[in-house]
Each structure stands twice: as structure tokens, then as C-alpha cells.
Amino acid sequence: MNNAQSGSVPDLTAALQRGRLWRKLRKQKILLCFSIPFVIWAIVFCYAPIWGWIMAFQDYNPGKGIMGSAWVGFKHFQAFFQDEMLFALLRNTLAISVLNIVFGTLGAVILALLLNEVKGVFFKRTVQTVSYLPHFISYVVVANLFLTLLSPSDGLVNRMLMKLGIIDEPIFFFAEPHLFWILVVGINVWKSIGWDAIIYIAAMSAVDTELYDAASVDGAGRLRKMWHITLPCIRPTIVVLLILSVSGILNAGFDPSYLLGNPMVREYSEVIDTYVYRMGLGNAMYSFATAVGLFRLVVSLVLLFIVNHIAKRLGEDNIL
């Protein structure tokens, strides 16, 4: 009798849990219906393409398909590691990504700190709106805008510099290889700084105001409050965003390098994204391009775990 009763308790608990689950599902059926298109989108565009990774280990033939193409193992990975472009690709990708992370994070944090100190609501909202609007502009439009502004023939920047007597002849900004990284990083920061600052402003709004009041009583000024209160309080948010940024360090961005690059600066503009596009679609080397993309994904995943582990060891928040 006791055994029967003890056996029925887990069954009763499981039945109650299932009942609560079904009641919750029925209660939230409208929200579930709204989520179905997003689930389908994720399956079709995020999970279904994983099947294509098999091409990295084949000599893919579109006529034979994935199942009919010959297996070659790690042939394409070895070819990539022996490619003479490997050093330049890694250098350009890492340089642009690291500069984007460093200056993008610094710019967003500084902008958020300054806006957090603004008392005028109208001015604060106006600056926020103006600063994050570029985030919604297509990179095609942004690229054409800066190509026009920095044009050597009728660009506004060259004309102003010549009128001010700073230069004697126009500068071909996008034809100078050593300027490409600076221009791309500057444009990326300008485009994303306002949007990134929103996250830090939201984190600052959660800081206890009593800390600022206590600091004011102790005679602390605005800069000391920023350094000793605001920054330490938003440090977990900064760490989490840095972890996410470092995980994509081999993703320097296809749009800026493709739209702003040209043969004269290819030595500094070619990154892994544009290389995969050029080899995969331009030269029809589908398996080779898949292998390069898979290599980037694996490295990014490893970096994510490493940085997350370092953050955990340092006592910071982590995402895994």
C-alpha cells in the first residue's frame, strides 16, 4: 500500500505540471501564434543552411548535388592555410575588427556618460535621436555619402582643406591603402555609436541615485562620480557586450570592405567576408569558400568560450 502511494506521488506531480503547462499554453496561444513566423524564419535561414557545411569536405558539383559530390576531407582547409593571401586576410580582418571594438566601445560609453549628465530632456532626446539615426541607414547609402564627401574632384572635405590652406592638392582618400582602416573604422563608429550608447544609457538608469547623493555629500564632482560610481555600475554590461564583440572578431563586415574597397587598396581592404564572396560566387569555388567560412565560425566559437571563461575568472558577468 505504501509502495503504491509512493509511486503515485511522482505521477500526480507530473500530471499537475503537464496540466499547468497546457493551461499556460492555452492562455498564451495568441503570443505563440505570433512567434510561429519567427520560428520558421530561424529554421529556414539559421538551421537549415547548416546542412551546407558538408560542402567544405567535398569537391562540390552543382550538377551532382551534395549527396553526389566527391569527398576530399580537409583538402580545402589545407589549401586555405597555404594561400598567400592568408596573412593579409587575417591582418586586415583582425585590425578592422579590433579597432571597431575599441573605438566603438569607447565612443559609445563616452557618449552615454555625457548624455547621462545632461539635465535638459529635450536636448538629451534630440542628441540621442540624431546620434542613432545613422544605424538605420543602409550601408550602400552611407558608402555613397562618404565617397562623395571625400571625392578628390568635387568632394566637400577636399575643397574645405584646400580653401583653408591645409593641403595644396586633393587627397585621394580611398586610393591610399594606409588610410583605408582609419576611414572604415571612423565610418563604422559614426554609424553605430548612437545605437550602442542606448544600451549603456539604459544600464545607467538602473544605478541607485543614493550613491550619487552620498558622493555629493563627500564633495565629489561629476567626473569623480562618473569614474567611481557610473562606470563600475555599468561594467557588467560592458563586459557582456565585449564578449559578444570578441566572438565575432573575424567578422570585420562585408559591406564596408566591399563598398569602399577597390583594387588600389585591396591589400588593406580584403577581409575574410569579401574573400569568401569573391572565391565562392566570383570564382565558383563553393567548397573552398564554405571551408573558409566554417574555419571562421569555429575560431569565433572558440574565442567566445575563451573570453567568457576569462570574464568568469575575473569575477565579471558571463553569457555562457
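Bear in mind the structure is a predicted one, so any value in this text is a computation, not a measurement. If you read the sequence from its start, that first residue is 1, and numbering goes on from there.
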I need the [X] [atom1] to [Y] [atom2] distance, nearest 0.5 Å.
X      : Y      : atom1 : atom2 : result
Ile229 : Thr209 : CD1   : OG1   : 10.5 Å
Thr230 : Met204 : OG1   : CE    : 6.0 Å
Ser138 : Asp255 : OG    : CG    : 7.0 Å
Leu94  : Leu99  : CG    : CG    : 10.5 Å
Ile238 : Leu106 : CD1   : CG    : 9.0 Å
Tyr212 : Met226 : OH    : CE    : 9.0 Å

Next item on the list: Apply side chain to side chain contact (heavy atoms under 4.5 Å, CB included) to Leu304 and Ile243, showing your working.
Entry: CA-CA 7 Å; Leu304 175 62; Ile243 291 173; 3.6 Å; yes
Next item on the list: For Tyr258 and Ser269, test the side chains for any donor-to-acceptor distance below 3.5 angstrom and give the result as yes or no.
Entry: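 No, no side-chain donor-acceptor contact under 3.5 Å.
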Item checked: Aromatic contact, Phe77 with Phe295 (centres under 6.0 Å) -> no
Check: Are Trp190 and Phe103 close enough that their ring centres sit under 6.0 Å apart?
Finding: no
Same cluster or not: are [X] and [Y] linked, directly or through other Ile, Leu, Val, Met, Phe, Trp or Tyr residues, by side-chain heavy atoms under 4.5 angstrom apart?
X      : Y      : answer
Val130 : Leu145 : no
Trp195 : Val184 : no
Ile198 : Ile193 : no
Val292 : Phe87  : no
Val142 : Phe136 : no

Nearest heavy-atom pair of [X] and [Y]: which atoms, and what distance?
X      : Y      : answer
Arg20  : Arg23  : CG-NH2, 3.0 Å
Ala108 : Ala197 : O-CB, 3.6 Å
Leu250 : Ser300 : CB-OG, 4.2 Å
Tyr286 : Thr290 : O-OG1, 2.7 Å
Val140 : Asn144 : O-ND2, 2.7 Å
Gly65  : Ser69  : O-OG, 2.6 Å

Side chains of residues 30-59: which donor-acceptor partners sit under 3.5 Å, not counting sequence neighbours?
{"unit_1": "Ser35", "atom_1": "OG", "unit_2": "Leu32", "atom_2": "O", "d": "2.7"}
{"unit_1": "Gln58", "atom_1": "NE2", "unit_2": "Ile66", "atom_2": "O", "d": "2.7"}
{"unit_1": "Asp59", "atom_1": "OD1", "unit_2": "His76", "atom_2": "NE2", "d": "3.2"}
{"unit_1": "Asp59", "atom_1": "OD2", "unit_2": "Lys75", "atom_2": "NZ", "d": "3.3"}

Any donor-acceptor pair under 3.5 Å from [X] side chain to [Y] backbone:
X      : Y      : result
Thr274 : Glu270 : no
Asn61  : Gly63  : yes
Asn158 : Ile171 : yes
Ser257 : Val271 : no
Asp83  : Met85  : yes

Next item on the list: Could you tell me whether Trp22 atom CH2 has more than 12 heavy atoms of other residues or ligands within 6.0 Å of it?
Entry: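 For Trp22, atom CH2 is not crowded (no more than 12 foreign heavy atoms under 6.0 Å).
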Item checked: Other residues, nucleotides, ligands: >12 heavy atoms within 6.0 Å of Asp168 CG -> no
Notebook entry, point to check: Yes or no on side chain to side chain contact (heavy atoms under 4.5 Å, CB included) for Leu89 and Phe80, after CA distance, side-chain angles and deciding distance?
Noted result: CA-CA 11 Å; Leu89 288 173; Phe80 175 62; 4.0 Å; yes
Next item on the list: Walk me through it: do Leu150 and Leu183 pass the test side chain to side chain contact (heavy atoms under 4.5 Å, CB included)?
Entry: CA-CA 10 Å; Leu150 300 175; Leu183 293 172; 3.9 Å; yes
Are [X] and [Y] close enough that some pair of their side-chain heavy atoms sits under 4.5 Å apart?
X      : Y      : value
Phe288 : Val276 : no
Thr237 : Tyr200 : yes
Leu90  : Ile272 : yes
Leu260 : Ile187 : yes
Lys163 : Met160 : no
Ile137 : Leu133 : no

Check: What side-chain hydrogen bond (donor to acceptor under 3.5 Å, both in side chains) pairs are there with at least one residue in residues 91-111, not counting sequence neighbours?
Finding: Asn100-Asn188
Margin query: Going by ring pair (Phe, Tyr, Trp, His ring centres under 6.0 Å), name the pairs with one or both residues in residues 158-184, residues two or more places apart or in two chains.
Written below: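 Residue pairs with at least one partner in residues 158-184: Trp181-Tyr268.
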Could you pull out every donor-acceptor pair under 3.5 Å between side chains of residues 113-129 and any protein atom, sequence neighbours left out?
{"unit_1": "Thr126", "atom_1": "OG1", "unit_2": "Phe122", "atom_2": "O", "d": "2.7"}
{"unit_1": "Thr129", "atom_1": "OG1", "unit_2": "Arg125", "atom_2": "O", "d": "2.8"}

Margin query: Enumerate the salt bridge (charged side-chain N to carboxylate O under 4.0 Å, His left out) contacts for residues 174-199, please, sequence neighbours excluded, ordered by first and then second residue.
Written below: none
Notebook entry, point to check: Hydrophobic clusters join Ile, Leu, Val, Met, Phe, Trp and Tyr when side-chain heavy atoms are under 4.5 Å apart, directly or via other members; which others share one with Val72?
Noted result: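 Reading the cluster by chain and number, Val72 sits alone, since nothing else belongs.
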